[in-house]
Amino acid sequence: MSSHRYDPAEIEPRWQAAWEERQAFRTPTDPELLRKRPKCYVLDMFPYPSGAGLHIGHPEGYTATDVVARARRMQGFNVLHPIGWDAFGLPAERAAVRENEHPAKITARNVDNFRGQIKRLGFSYDWEREVDTSSADYYRWTQWIFLKLYERGLAYMAEVPVNWCPALGTVLANEEVKEGVYVETGDPVERRSMKQWMLKITEYAERLLDDLEALDWPEHVKEMQRNWIGKSQGAEITFPVVGADGEPLDGEPSFTVFTTRPDTLFGATYCVLAPEHELVAAITSEAQRTAVDEYVTRARAKTELQRTDLAKEKTGVDTGAFAINPANGEKLPIWVADYVLASYGTGAIMAVPGQDQRDWDFAETYELPIVRTVQPPDGFDGKAYLGDGPAINSGFLDGLEVEEAKQKMIDWLVQEEKGTARVEYRLRDWLFSRQRYWGEPFPVVHVLGEDGEPSGEIVPLSEDQLPVELPLIDAYKPTEDGRPPLARASDDWLIVTLPDGRRARRETNTMPQWAGSCWYYLRYIDADNDEQAWDPELEKYWMPVDLYIGGVEHAVLHLLYARFWHKVLFDCGLVSTKEPFQRLFNQGMILAHSYEDAQGRYYHPSDVEFGDDGSLTAKSNGEKLTSRVEKMSKSKLNVVNPDDVIAEYGADSLRLFELFLGPLDQQKPWSTRDVEGVYRFLQRVWRLVVDPETGELSGKLTDEPGESQDELWRLLHKTIQKVGDDIDSLSMNTAISQMMIFTNAATSAEELPRETVRIFLRVLSPFAPHIAEELWHRLGEQELVCNQHWPVFDEGLVVDDLINLVIQVNGKKRDMLEVPQDTPKDELEKLALGSEAAMKFLEGREPKKVIVVPGRLVNIVG
RNA sequence: GCCGGAGUGGCGGAACGGUAGACGCAGAGGACUUAAAAUCCUCCGCCUUCAUCGGCAUGUGGGUUCGAAUCCCACCUCCGGCACCA
């Protein structure tokens, strides 16, 4: 075997060292240079450094951003392309409990591992700007931002119903809970009332919704955020409560409902209060008291899961009290039912079975009256009718269409002072505290009273007291009496004396993991600044982020939280843009084949025998196997480690294959053996320059100008154009395919001008930077290829002189002629009509019509 | 149930309304080699044919158009999100 073949293991570490030594990817800081050139901020969603290390999905997005960053540098931009670590988080804390080691140590170990893996891929990050959300240098500023929120009244403590996860011993945000379980681990969550920190994200609901409009984000992500914010427009209507006798109750109680269909008020036949509604106890009649109490108690005991899952069958109890329908004065029974949520709207509804399927179901079960107030179309055989139509049975609304009727009813309610227009959001305030150790301590203290107990007064620390560092504690778990781990700290840390001499106790909750990632993109701008979180001038220069790539799993959580903080910072005058991330792109998940036998046991791919007939057998025990494409997971034995791929094929091949697999935004199955294809491509590129027998430059290389090989020269210019365009649209798979086409042509050329190769290596270098550097160097260049200018293509060379003219008869291809690209229309028509191969399909008929598309085809209709 | 997205060879996937299947994997045949690896060349949607010619093909059924994978309507399947939000 020749020793001069393409050997990534030898060249890749060498060039990675060279880049580092020459500081090739340092972000420019010279003010003159910043002023002179345009900027491009290319950002990856930074990883949580888990103990498992990088898997094959991580480098997909990282490679795409790296291609963009490298290309933009070559195109004359100042590029900011940083990386860091979302380093606070539960897994490290759990490992700490298990191994009784400080989570900082575990995290540092994991970060080292991640950094090593990432560096082996040759990404052009500016490592001087690495951030770590768990370092005090960083979280000092997270705490500082919290103080800004607090100053503006956007952070408050409240006794609220929270999602408590017993398995984790902490509360969770709404966004972290789905179908009654924690989305990350599947541990069940229950409702509890606890005093917790909340952030008033609801105050920003409207802006978070409106400002989505101008963002260059995938439509479905915007849609998910819109759904999450869940704006509904409607009305608030007040219903007075009366007893069974129709007389007002003591204190003349009333309640308010929220509805999106005020037009259906005449169709309200009963009302429902949520079991938690404060009025329930007060209005329940003596006769119904036992039943109602029992129902309320049972509803409270249900978990969220039970409430949502089991409640498909609607249940409820009559309170014995009545409400007066403000539209027509009718007496409506008031029920308690848990299909009405305390957490949405006012916790009370007017039930309109005629136009709401849930109310219809409930009315059927309990034999409550049903009145239609919108005329369904002829032939409508459903139950509740939700569509448009003229109002009926609705007094002064009769005949109006839904939209008009809504407006007229609202006008009427306002005039009568019985209600008002109202906008409601599904979005709730953000539950911002966790009972964990490994997170940012809150920069606030609770003042202690004479008795040594908290008086309820909260005092924020001043900026010069930051950071509040995490104390060392004896164990990273809650105290015996259920207080958060930080309550284990000694009084040295826990007890503070305020400037006025009063004593206070530190907050022992910590912030959720989302806190650090809410602003890391700002810290990268000025990562070493220990005077301020970032320099305002630099912020003005670099923001907003021009391209942000990450997984779609953050569509709501991280991206909504970060937008919220950014808007607060904007209102504080601390950032210059309304939105942080101008262009967002979600890479699709990379899936992998898993192999399973009839008993459901999984087998490692290396244990699978692939039969020629497509059969799959386990080598170890001969079991017949079936294959499925699934999310990579340890338990399915289908995780692919990038280190293994690099060891076999090199980082350049891994980078290329990550992108060649298919469109960046789609889910794709990984197949390590297919890496072979891009590896062969790189070997061909290698042989364009290096003679594998001797290690000398290839004998085909000439010093003739590129134009001397006309065909290849044109193909090169097309390649420059195509690759450039594809990088802009993130169509990396077709960019690579174009480079393969070029390489195949260059391989079969008799002579290869050096000029042509030099230009091609520049185009290749963002994708496969190591081999590009090596070959560039071997061609005698001293500079780094990654610092070269991106080549400019010649407009005149990307259009062929001769084109294949397709001749169709009745839309079917019948012949093809080679004609000059600029042949005039009437000439093309004449040529087509002269084609015997085509004309015979007319079978003697006269052409009725001839359509000529210059440069493409002629269609003869006959 | 509601809201998105997607259905193209054995596989991953290409295709401004204009030659469907680029590029790659797998497969078949051949060259080089003592042999293998590597490399190079040829073939590779289905049907028909010795071969051409041809016919059929982009989930299904309609429609618009000179021309539809692409646009419109209905349906089927898969994936994702939300889900008693009044």
Side-chain angles (χ1 to χ4, degrees), chain A residues 1-2 5 178-179 218-224 226-228 230-232 234 257-261 264 272 307-309 311-312 314 337-341 343-352 355-359 361-362 386 424-428 552-553 555-556 588-589 593 610 612 614 656-657 660-663 665-671 673-678 680-681 683-684 687 692 731 733-741 743-744 747-748 804-816 837 840-841 847-853 855-862:
Chain A
M1 186 182 107
S2 146
R5 294 177 49 200
K178 204 159 64 178
E179 291 176 354
E219 200 44 52
H220 71 276
V221 175
K222 290 192 192 180
E223 199 54 34
M224 280 167 74
R226 285 190 200 109
N227 289 342
W228 190 263
K231 180 178 180 175
S232 352
V257 305
F258 172 72
T259 176
T260 55
R261 294 294 302 274
T264 63
V272 183
R307 280 265 300 251
T308 49
D309 238 33
K312 300 294 173 199
K314 293 187 179 24
D338 67 1
Y339 81 93
V340 170
L341 307 177
S343 56
Y344 185 77
T346 59
I349 62 159
M350 63 181 209
V352 188
Q355 276 79 229
D356 186 293
Q357 190 57 46
R358 296 158 301 186
D359 297 343
D361 294 344
F362 192 81
L386 282 66
E424 190 64 40
Y425 298 93
R426 199 184 85 109
L427 185 70
R428 304 264 66 100
V552 73
E553 64 273 19
V556 175
M589 206 187 332
H593 289 274
F610 299 86
D612 287 340
L656 282 176
F657 190 63
F660 187 62
L661 217 45
D665 56 355
Q666 267 173 41
Q667 293 199 355
K668 303 153 282 238
W670 180 267
S671 159
R673 64 175 173 168
D674 290 358
V675 180
E676 197 69 45
V678 292
R680 280 184 202 146
F681 160 63
Q683 293 179 69
R684 285 181 160 213
R687 290 196 302 267
S731 311
N733 53 333
T734 50
I736 293 167
S737 130
Q738 181 64 32
M739 291 190 284
M740 287 174 167
I741 292 169
T743 303
N744 290 344
T747 298
S748 36
N804 285 323
L805 180 76
V806 170
I807 298 170
Q808 295 182 333
V809 177
N810 293 328
K812 285 197 169 159
K813 182 182 113 185
R814 296 302 185 185
D815 197 9
M816 207 150 65
K840 74 177 181 205
F841 286 93
K848 287 194 205 123
K849 197 170 170 187
V850 180
I851 285 131
V852 183
V853 184
R856 279 214 177 264
L857 58 73
V858 179
N859 187 15
I860 302 164
V861 185

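- Within the 4.0 angstrom heavy-atom criterion, no nucleotide atom of any strand lies near A:S671.
- The pairing partner recorded for B:rA31 is B:rU39, the criterion being a Watson-Crick or G-U wobble arrangement whose two distances lie under 3.5 angstrom.
- Taken to the nearest 0.5 Å, the CZ atom of A:R226 stands 5.0 Å off from the CD atom of A:E219.
- Between A:F841 and A:D815 the shortest side-chain heavy-atom distance does not fall below 4.5 Å.
- A 3.5 Å limit on both hydrogen-bonding distances identifies no Watson-Crick or G-U partner for B:rA14.
- In this structure, A:R814 reaches the sugar-phosphate backbone alone: every heavy-atom distance under 4.0 Å involves primed, P, OP1 or OP2 atoms, never a base.
- Nearer the 5' end of RNA chain B, as judged by each residue's closest nucleotide, is the contact made by A:N744, out of A:I349 and A:N744.
- In this structure, A:I736 atom CD1 and B:rG24 atom P are separated by 12 Å, rounded to whole Å.
- Across all strands shown, B:rC44 has no partner, as no Watson-Crick or G-U wobble contact with both distances under 3.5 Å is found.
- Taking atom P in both B:rC32 and B:rC50, one finds a spacing of 32 Å when rounded to whole Å.
- At a threshold of 4.0 angstrom between heavy atoms, the contacts of A:R226 with the nucleic acid are absent.
- Going from the P atom of B:rG59 to that of B:rC11 covers 14 Å, rounded to whole Å.
- Checking A:D674 against A:H220, the closest nucleotide of RNA chain B that is more toward the 5' end is the one next to A:H220.
- Contact annotation for A:K813: base contact, defined as any heavy-atom pair under 4.0 Å involving a base atom.
- Look at B:rA51: it lacks any Watson-Crick or wobble partner with both distances under 3.5 angstrom.
- Looking at heavy-atom distances under 4.0 Å, A:I741 makes contact with sugar-phosphate atoms alone, never a base.
- Figure legend. B:rA69 is base-paired to no nucleotide; pairs are counted as Watson-Crick or G-U wobble with both atom distances under 3.5 Å.
- Listed nucleotides: B:rC66, B:rC23, B:rU19. Nearest to the side chain of A:R856: B:rU19.
- When both pairing distances are held under 3.5 Å, B:rG1 makes a Watson-Crick or G-U pair with B:rC82.
- Within the 4.0 Å cut-off from OP1 or OP2 of B:rG12, not a single side-chain nitrogen or oxygen of A:K668 is found.
- Rounded to whole Å, the C1' atom of B:rG63 lies 25 Å from the corresponding atom of B:rG55.
- Residue A:M224 is classed as a sugar-phosphate contact, given heavy-atom separations below 4.0 Å to backbone atoms only.
- Atom C1' of nucleotide B:rC66 and atom NZ of A:K848 are separated by 10 Å, given to the nearest angstrom.
- B:rU8 and B:rG4 are spaced 22 Å apart, taking the C1' atom of each and rounding to whole Å.
- Residue A:N733 is classed as a sugar-phosphate contact, given heavy-atom separations below 4.0 Å to backbone atoms only.
- A:E219 comes within 4.0 angstrom of nothing in the nucleic acid, heavy atoms only.
- Straight-line distance between the C1' atoms of B:rA6 and B:rA86: roughly 33 Å, to the nearest whole Å.
- Taking only distance into account, the side chain of A:N859 meets the base of B:rC66 through a donor-acceptor pair shorter than 3.5 Å.
- With rounding to the nearest 0.5 Å, the separation of CZ in A:R261 from CE in A:M350 is 9.0 Å.
- Rounded to the nearest Å, the gap between the C1' atom of B:rG24 and that of B:rA14 is 11 Å.
- With rounding to the nearest 0.5 angstrom, the CG atom of A:D356 is 8.5 Å from the OG1 atom of A:T264.
- Of the possible donor and acceptor atoms, one in the side chain of A:R428 sits under 3.5 Å from a partner among the backbone N and O of A:S343.
- Here A:F657 lies out of heavy-atom contact (under 4.0 Å) with every strand.
- On the P atoms, B:rG61 is 35 Å away from B:rC25, given to the nearest whole Å.
- For A:S748 (side chain) and A:N744 (main-chain N/O), a donor-acceptor pair under 3.5 Å exists by modelled atom type.
- The separation of B:rA57 from B:rG21, taken at their C1' atoms, amounts to 11 Å, rounded to a whole angstrom.
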